[in-house]
Amino acid sequence: MNMNQYVTGAVIKELREKNRMTQLQLAEKLSVSDKCISKWETGKGYPDITLLEPLASALKVSVTELMSGTSVTNSNVSANMLRSHLYVCPVCGNVIHSMGEAVIHCHGIALTPASEDEADNRHAIIVERVEDEYYVRVDHEMTKQHYISFLAAVSDDRIQMVKLYPEGDAAARFRTSGVRKVICYCNRDGTFVKRIC
Ligand SMILES: [Fe+2]
């Protein structure tokens with residue numbers, strides 16, 4: 001789903017049912033007929049743009065969530081940094097960190113949270129402890145086409161992130177304090193994680 005698409009009938013139906021509302025109940029909130037709601041839900045028509053805000057509020061989501069078809073439920077976003085998410089834009093490499101779930105767009109693309117696969121052979125993350133720092137490196141090429149674009153070290157309460165560049169070293173230093181996992185992001189292959197015990 002992305003922002004280029006207008007609100008869909010499937011999303012309206014799903015959210016209406018989630019809110020335990022009948023078509024008639026939703027119709028009354030918007031001062032439209034229940035036939036109208038049925039038309040939207042079956043893809044035979046779209047709600048007028050002036051109805052998007054009232055529709056979103058009746059369905060208890062933001063307009064962005066309504067349009068993207070992604071609902072966000074953040075109960076306690078500050079609970080733990082280890083459960084936070086990184087979003088990487090495939091066009092510009094922009095990295096966004098969110099403590100909870102979010103609907104994030106960059107370059108018109110709805111970003112999905114970076115997956116956290118265990119590091120594979122080609123992206124092995126080597127962590128060495130040097131006094132009160134972790135020296136982290138990845139044995140990986142650093143060409144413009146294929147490179148490690150950032151490394152991050154995540155603790156319960158903080159994330160340390162270092163941006164890397166082609167032709168540079170695929171390495172960074174982090175304070176050891178409470179670091180539980182190290183994340184490496186390859187522009188071609190995605191995100192990899194090494195957990196620290
Ligand atoms: Fe790679």
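Ligands are counted one by one from 1 in listed order, and the atoms in each one are counted from 1 as well. Because the structure is a prediction, the values reported are computed rather than measured.
The environment of CG in D169 is sparse: at most 12 heavy-atom neighbours from other residues, nucleotides or ligands sit within 6.0 Å. Annotation for K29: atom NZ does not count as buried by contact number, only 12 or fewer foreign heavy atoms lying within 6.0 Å.
Here the two rings, on F150 and Y185, have centers that are under 6.0 Å apart.
When hydrophobic residues (I, L, V, M, F, W, Y) are linked wherever their side-chain heavy atoms come within less than 4.5 Å, the members clustered with V130 are Y135.
Here H146 pairs with H140 under the ring-ring contact (aromatic ring centres under 6.0 Å, His included) rule; sequence neighbours left out. Considering only residues two or more places apart in sequence or on other chains, S115 meets the side-chain hydrogen bond (donor to acceptor under 3.5 Å, both in side chains) condition with none of them.
Within the sub-2.8 Å shell of the Fe ion (ligand 1), the protein contributes these N/O/S atoms: H123 NE2, H140 NE2, H146 NE2, C186 SG, D189 OD2.
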